There are 2 protein chains.
Amino acid sequence: MTSATSARPPGRPRSGVNAVVFAATLSTVQELGYARATVDRIAAAAGVAKTTIYRRWPSKGALIVDCLLDAFGPVPLEGAGRAEIMASAVRWIAAKIGEPGVGDAFAGVFSDAVSDPALRELLSARLQDPYRLALQDALGEPENRVLFFIDVVVGTLLHRMGMTGEPMVDADVEALVEMVLTYLADGAGPA
Amino acid sequence: MTSATSARPPGRPRSGVNAVVFAATLSTVQELGYARATVDRIAAAAGVAKTTIYRRWPSKGALIVDCLLDAFGPVPLEGAGRAEIMASAVRWIAAKIGEPGVGDAFAGVFSDAVSDPALRELLSARLQDPYRLALQDALGEPENRVLFFIDVVVGTLLHRMGMTGEPMVDADVEALVEMVLTYLADGAGPA
DNA sequence: CCTTTTTCGCTACCTTGGGTATCGATACCT
DNA sequence: AGGTATCGATACCCAAGGTAGCGAAAAAGG
């Protein structure tokens with residue numbers, strides 16, 4: 001979809017190094033942690049100049065968001081009923097956050113967003129909203145209730161990651177699934 | 001332990017300005033956000049030199065942790081049964097995080113801890129462990145289950161704070177209480 | 001009163017890291 | 001060929017955490 005529609009713009013075309021940069025970002029974050037994964041180091045790991053990074057992404061946060069979008073891909077929403085859909089979604093995001101570098105990058109960019117309204121907007125619009133809408137559609141739940149579920153699931157996984165430095169183990173993920181499902185079945189929820 | 005009460009050490013005694021610094025920290029964080037609440041600004045707001053801050057706290061993170069400890073105080077664990085105790089604890093931490101500056105400071109220091117193992121250790125030992133132990137005792141639950149509850153409750157509250165910039169509204173806090181209580185009553189949990 | 005010890009405020013400084021500017025070289029289109 | 005936009009490289013700006021050194025002030029003890 002790069003040259004998707006009309007008339008490729010003039011000038012030298014961009015070399016297709018986005019995938020290389022994404023891979024370098026995750027491996028650098030995994031190796032050094034989020035704060036030490038500087039843009040200089042990521043560029044070096046990707047074999048690319050720092051200026052090239054900043055020509056494509058306006059900030060480190062924007063780079064990380066795009067990297068996470070690439071790493072996550074679409075939510076798998078197969079499942080017989082709402083319970084199955086919800087369970088598979090929770091296990092999916094838990095597994096993604098457990099992948100090397102992904103959890104650190106997610107927690108790191110989320111952290112930066114706390115003090116950066118522009119980044120918060122980006123995170124909300126580009127990363128959260130698409131999944132939120134897909135979930136609203138698949139579950140037939142209203143926006144505020146899906147937002148609540150996202151807070152619970154993602155918040156729990158990131159808090160564990162942030163406090164221990166390691167992703168949540170499977171047994172705890174299953175506890176989280178059960179907790180959310182029980183509550184989903186209850187039908188009660190925020191006004 | 002450290003020659004606790006008696007025998008004041010020689011030299012000029014410290015002026016009792018800790019409370020002023022804590023207040024200045026919270027108000028500065030509330031006004032400018034966590035990242036813009038630099039140590040210089042906090043010192044200025046407290047009417048104190050930056051070097052005085054660093055003479056008392058080894059890092060900004062340590063200052064914030066002490067500030068949060070001061071703001072939180074002990075958990076109120078009154079309540080007839082385990083459900084009442086848990087509910088009051090959840091409402092208590094939600095209310096604290098909703099106080100001006102506290103939620104931002106908490107989310108901010110948590111964010112920094114993601115990339116800073118030393119700060120993570122400090123956060124875990126000085127802030128989480130005391131409350132965790134008190135909860136284990138009051139609820140009669142094992143460590144890993146209490147840790148799971150803390151991940152869920154604090155993670156959810158901080159995720160909401162981080163994504164929206166504002167604390168969770170009461171209706172959603174009540175939903176969180178209900179969700180946690182249902183799961184607590186179930187008796188199931190992580191191995 | 002005077003010395004010792006420690007804190008105080010102040011200023012100057014170091015380092016890291018996000019982000020920008022500039023420049024020659026290069027790749028593609030018309 | 002000419003135009004245009006990218007690439008790599010270097011140099012740079014700025015904010016912010018943290019440190020060093022200094023003279024001044026506040027206590028304790030002689």
Side-chain angles (χ1 to χ4, degrees), chain A residues 2-3 6-18 20-21 24-25 28-29 32-67 105 108-109 111-119 122, chain B residues 2-3 6-18 20-21 24-25 28-29 32-67 105 108-109 111-119 122:
Chain A
T2 44
S3 66
S6 61
R8 172 156 56 205
R12 174 177 177 173
R14 292 187 161 172
S15 55
V17 292
N18 277 22
V20 178
V21 173
T25 300
T28 305
V29 168
L32 302 174
Y34 182 79
R36 294 197 141 152
T38 66
V39 178
D40 292 87
R41 274 190 250 256
I42 291 171
V48 156
K50 186 172 114 176
T51 44
T52 299
I53 304 270
Y54 278 104
R55 201 171 291 116
R56 296 178 183 218
W57 294 277
S59 67
K60 181 184 179 182
L63 165 63
I64 301 288
V65 168
D66 267 18
C67 183
V109 74
S111 302
D112 284 354
V114 171
S115 306
D116 183 345
L119 180 54
L122 194 72
Chain B
T2 59
S3 74
S6 59
R8 171 156 56 208
R12 173 176 177 174
R14 291 189 162 171
S15 54
V17 87
N18 277 22
V20 178
V21 173
T25 301
T28 306
V29 167
L32 303 173
Y34 182 79
R36 295 198 141 149
T38 66
V39 178
D40 291 87
R41 275 189 250 255
I42 291 171
V48 155
K50 186 170 107 172
T51 43
T52 298
I53 303 270
Y54 278 104
R55 202 171 288 117
R56 297 179 184 214
W57 295 278
S59 67
K60 180 183 179 181
L63 165 63
I64 302 288
V65 168
D66 267 17
C67 184
V109 74
S111 302
D112 283 355
V114 171
S115 306
D116 184 344
L119 181 54
L122 195 70

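Just so it is clear, the values below take in all heavy atoms, side chains as well, and ignore hydrogens, waters and symmetry mates. Bear in mind that the values here come from a model prediction, so they are computed numbers and not experimental data. Below, chain A is the first sequence line, B the second, and so on; all start at residue 1.
Counting distance only, with no hydrogens placed and no angle test, the side-chain atoms of A:Lys50 and the base atoms of D:dG8 include no donor-acceptor pair under 3.5 Å.
Taking atom CG of A:Asp40 as the reference point, atom P of C:dT15 lies 17 Å away to the nearest angstrom. For the pair B:Trp57 CH2 and D:dT19 P, the computed distance is 15 Å after rounding to whole Å. For the pair A:Tyr54 OH and D:dT6 C1', the computed distance is 18 Å after rounding to whole Å. Across the protein-nucleic acid pair, B:Ile64 atom CD1 and D:dA16 atom C1' stand 14 Å apart, rounded to whole Å. A straight line from CG of A:Asn18 to C1' of D:dT6 spans 13 Å, rounded to a whole angstrom. A:Leu32 has its CG atom 10 Å from the P atom of C:dG17, to the nearest Å. To the nearest angstrom, P of D:dA16 lies 8 Å from CZ of B:Arg36. Straight-line distance from the CG atom of B:Asp112 to the P atom of D:dG18: 9 Å, rounded to whole Å.
Two residues are said to be in side-chain contact when any heavy atoms from C-beta on lie closer than 4.5 Å; B:Arg56 and B:Asp66 fail this criterion. With a 4.5 Å cut-off on side-chain heavy atoms, A:Val21 and A:Leu63 count as touching. Side chains of A:Val109 and A:Tyr34 form a contact here, defined as non-hydrogen atoms less than 4.5 Å apart.
Taking a 6.0 Å sphere around CZ of A:Arg36, one finds it holds 12 or fewer heavy atoms contributed by other residues, nucleotides or ligands.
Place B:Gly11 and B:Ala37 on DNA chain D by their nearest nucleotides, and B:Ala37 ends up nearer the 5' end.
Note on A:Arg41: a side-chain N or O is less than 4.0 Å away from OP1 or OP2 of C:dG17. An OP1 or OP2 oxygen of D:dA15 is reached within less than 4.0 angstrom by no side-chain nitrogen or oxygen of B:Thr38. The shortest distance between the side-chain N/O atoms of B:Thr52 and the OP1/OP2 oxygens of C:dG9 is below 4.0 Å.
Counting only heavy atoms from C-beta on, B:Val48 has its side chain closest to C:dG9 among D:dG18, C:dG19, C:dG9.
Between A:Val29 and A:Ala105, the closest heavy-atom pair is CG1-N, 3.7 Å. When all heavy atoms of B:Ala113 and B:Leu119 are compared, the pair lying nearest together is N-CD2, 3.7 Å.
With values rounded to the nearest 0.5 angstrom, A:Thr38 atom OG1 is found 7.0 Å from A:Lys60 atom NZ.
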Output a table of nitrogen or oxygen pairs between the protein and nucleotides 21-24 of chain D separated by less than 3.5 Å.
none

